Amino acid sequence: MAKKMKTAITPTRAEDYPEWYQQVVRAAELAEPSPVRGCMVIRPWGYGLWENIRGVLDGMFRATGHKNAYFPLFIPLSFLEKEAEHVEGFAKECAVVTHHRLEAGPDGGLVPAGRLDEPLIVRPTSETVIGAMYAKWIQSYRDLPVLLNQWANIVRWEMRTRLFLRTTEFLWQEGHTAHATKQEALEETRRMLDVYEDFAENYMAMPVIKGEKTAAERFPGAVSTYSIEGMMQDRKALQSGTSHFLGQNFSRAQGISFQTAEGSQEFAWTTSWGVSTCLVGALIMTHSDDDGLVLPPRLAPLHVVILPVIHSDDVRAEVLAYCNRVAGELGEVTFNGAAVRVEVDGRDARGAEKMWGWVKKGVPVRLEIGPRDIESDSVFVARRDKTRKERFSLPRAEFVATVATILQEIQDGLFERALAFREENTRKIDSKDEFYEFFTPENRDKPEIHGGFALAHYNGNPDVEQQIKDDLNVTVRCVPLDADAEPGRCIITGEKSPRRVVFAKAY
RNA sequence: CGGGGCGUGGCGCAGCUUGGUUAGCGCGCUUGACUGGGGGUCAAGAGGUCGCCGGUUCAAAUCCGGCCGCCCCGACCA
């Protein structure tokens, strides 16, 4: 008998959270480190998740009037130089292409040859190339608004990487819009932030706080940056989507101007907004447990997996036929506007091993079907959001009739659980001592999971923000948009403050 | 790039301080038998130039030097 493990993932979240995260990514076969430093290979299960994320968001973008387009991976170096703050923000993390050919070198290896007149950078974001095109396309107020989005890969040469959360190359979506008025651009910025909130809460089952970033956290070159912030199970915040109001900064730098109805020449007002494969990391850290991944049904690549229980060869055909029939029936059921995604796992492996594989991959519902179930025309149901002891038998017809309800129940349950977790770990704090105590672990050498979201008053002074960051590695995640104004006094300086802001440690 | 830890079959590790038979162990893998609502049992197998390069030595996984890579913490960031 093998050693009984209590959990499918070791270590547990409480024992070593960062290591647990890596083990889940690996055990669920989401992704792996690649031969290229800092980059990852996204495996089919992880990519399926991303495809679902992309599919839903793409529909939302279209519904709000946007169209997809594609712009080049390479950006002339001179483009980046046009917006001063933008340069400062991204220059340090750009990959640069300087040559276009390889030749045999003296040592037999290949050496770069054919130096480019102007180096190209691999896009860290596309404001500049897209802006260059907008400058050509936009002549008149009649050409506005321009509402485009692109799905692409980008490169940011990060010092430290983590699968999904921060990799050198990652996949994302970037929306870029241009408008005739400031008001319209501001509305667009907020509209897309709302889209992200809707997606995070109703599809990822991840409660988020919508808010505006402070100057320190603002996108380089933006007038204002908004974000949605989720709380992970180690109580750290993860920025899960950003929307930027760029004002006329980029249009001025790139000459995106148009003639108004009155005949004057004005610069357009632009926005940009994006979410990345970092969302997969958010999903993992919001819901998963010590047995591996837990997926919200609306984004799960598979809703129901059927595990045939086959004891002997003489029942094999019958069991498989029954399983396939159930799969067929489930495939006729609609959940969240599409067919239930179901698969019969007929692989030649031991039942327990298959079961654990799917537990670790986070499939919302597992059906175990053997001769006994067939005899009573029922299925044995296991839900990923419940313990293994809570499995139950249900008549086949009843399960087929209620599967969509069960999936929605799981979806809602995950959201409620995540919301309760966030609320338990969110505290209003009104004194500096309590604030410092809240964010200081008991064990300094190996910090336990501690802290959370602190709702505190802060006077808006960047120096104070920096001081807190230096002391505790805690930052202002955002100034919440939906909270009521509540005057108070800054916990550090005692100065008047119109509202509480969200402080937390962050990814 | 700083501080810490680590590189030994697919995965997880022991061995290294005190160099010396064919480098072990658990899981996994292959084959066979027995099992059968669950991370089985038994038996027989396959699989490693001990991260790389150099040095010391009769002899290096083990000692010395250099390099590379990974992980954690920090600075930077979606």
Side-chain angles (χ1 to χ4, degrees), chain A residues 1-11 16-23 26-27 32-38 88-94 124-125 154-174 196 213 216-220 225 227-230 237-244 272-282 291-292 307-313 315 319 349-360 366-374 379-380 382 388 391 393 441 444-447 469-470 472-473 475 505-507:
Chain A
M1 179 109 171
K3 216 192 290 181
K4 274 262 189 220
M5 283 188 229
K6 265 189 99 178
T7 57
I9 302 295
T10 40
D16 187 343
Y17 195 85
E19 180 62 21
W20 165 84
Y21 174 80
Q22 290 195 96
Q23 293 302 328
R26 172 174 217 115
E32 278 181 33
S34 74
V36 184
R37 184 194 185 124
E88 202 181 319
F90 284 111
K92 291 189 293 289
E93 49 193 62
C94 282
T125 179
I154 63 178
V155 166
R156 292 182 187 175
W157 213 269
E158 300 288 351
M159 291 173 180
R160 192 175 148 211
T161 60
R162 291 163 163 238
L163 294 178
F164 288 115
L165 297 174
R166 174 153 297 106
T167 46
T168 300
E169 178 191 17
F170 59 97
L171 306 181
W172 80 344
Q173 147 280 310
E174 50 181 326
Y196 289 153
K213 288 294 195 182
E217 303 267 329
R218 199 178 286 151
F219 176 76
T225 286
S227 73
I228 53 171
E229 302 280 333
L238 180 60
Q239 176 176 306
S240 306
T242 51
S243 189
H244 314 290
S272 69
W273 28 274
V275 298
S276 73
T277 33
C278 160
L279 285 182
V280 177
D291 283 329
L307 301 164
V309 180
I310 298 165
H311 302 151
S312 59
D313 283 338
V315 297
V319 172
R350 261 187 260 285
E353 282 162 22
K354 287 201 281 194
M355 179 194 81
W356 281 104
W358 292 112
V359 168
K360 286 185 276 197
R366 303 187 307 277
L367 293 186
E368 298 166 10
I369 299 178
R372 248 188 264 161
D373 308 289
I374 297 174
V379 296
F380 202 63
R388 297 189 303 272
R391 296 176 298 171
S393 186
R444 279 201 165 275
D445 297 330
K446 191 177 178 297
K469 188 175 181 183
D470 291 344
L472 300 167
N473 199 24
T475 48
K505 298 194 181 188
Y507 277 96

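This is a predicted model, so every value here is computed, not measured. Chain naming here is simple, since letters A, B, ... match the order of the sequence lines and numbering starts at 1 in each.
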* State which residues pass side-chain hydrogen bond (donor to acceptor under 3.5 Å, both in side chains) with A:Gln22; sequence neighbours excluded, sorted by chain then number. => A:Glu19
Would you list the protein and nucleotides 50-52 of chain B atom pairs, both N or O, that sit under 3.5 Å from each other?
none

* Asked: What pairs with A:Thr167 under side-chain hydrogen bond (donor to acceptor under 3.5 Å, both in side chains), at least two apart in sequence or on another chain?
  -> none
Quick one: which protein N/O atoms are closer than 3.5 Å to N/O atoms of nucleotides 76-78 of chain B? Pair and distance per line, please.
unit_1, atom_1, unit_2, atom_2, d
B:C76, OP2, A:Lys469, NZ, 3.0
B:C77, O2', A:Glu158, OE2, 3.1
B:C77, O2, A:Arg166, NE, 2.2
B:C77, O2, A:Arg166, NH1, 3.0
B:C77, O2, A:Arg166, NH2, 2.1
B:C77, N3, A:Arg166, NH1, 3.3
B:C77, N3, A:Arg166, NH2, 3.2
B:A78, O3', A:Gln239, OE1, 3.4
B:A78, O3', A:Gln239, NE2, 2.2
B:A78, N6, A:Thr167, N, 3.3
B:A78, N6, A:Thr167, O, 2.7
B:A78, N3, A:Ser276, OG, 3.1

Which atoms of nucleotides 34-37 of chain B (N or O only) lie under 3.5 Å from a protein N or O atom, and what are those distances?
unit_1, atom_1, unit_2, atom_2, d
B:G36, O2', A:His311, NE2, 2.9
B:G36, O6, A:His311, O, 3.0
B:G36, N1, A:His311, O, 3.3
B:G37, N7, A:Arg372, NH2, 3.4
B:G37, O6, A:Arg372, N, 3.0
B:G37, O6, A:Asp373, N, 3.4
B:G37, O6, A:Asp373, OD2, 3.1
B:G37, N1, A:Asp373, OD1, 3.4
B:G37, N1, A:Asp373, OD2, 2.3
B:G37, N2, A:Glu368, O, 3.2
B:G37, N2, A:Asp373, OD2, 3.2

* Say you pick atom C1' in B:C70 and the same atom in B:A23; how far apart are they, in whole Å? -> 24 Å
* salt bridge (Lys or Arg N to Asp or Glu O under 4.0 Å) partners of A:Arg372, counting only residues at least two apart -> none
* Asked: Counting only heavy atoms not in A:Trp172, do more than 12 fall under 6.0 Å of its CH2?
  -> yes
* For A:Tyr196, check side-chain hydrogen bond (donor to acceptor under 3.5 Å, both in side chains) against everything at least two apart and list the hits. => A:Gln173
* Could I get the full list of side-chain hydrogen bond (donor to acceptor under 3.5 Å, both in side chains) partners for A:Tyr17, not counting sequence neighbours? => none
* To do: Return the 5'-most residue of the pair A:Ile9, A:Pro18 with respect to RNA chain B, ranking by each residue's nearest nucleotide.
  => A:Ile9
* Asked: What dot-bracket string describes RNA chain B from 5' to 3', counting Watson-Crick and G-U wobble pairs whose defining distances are under 3.5 Å, with [ ] for crossing pairs and | for pairs to another strand?
  -> ((((((((.[[[[.)....(...]]]].((((((.....)))))).....[[[[[..)....]]]]])))))))....
* To do: Kindly write out the residues that satisfy salt bridge (Lys or Arg N to Asp or Glu O under 4.0 Å) with A:Glu32, not counting sequence neighbours, or none if the list is empty.
  => A:Arg43
* Asked: Got a sec, which residues hit salt bridge (Lys or Arg N to Asp or Glu O under 4.0 Å) with A:Glu93, two or more places apart in sequence or on another chain?
  -> none
Distances under 3.5 Å between nitrogen or oxygen atoms of protein and nucleotides 66-70 of chain B:
unit_1, atom_1, unit_2, atom_2, d
B:G69, OP1, A:Arg37, NH1, 3.3

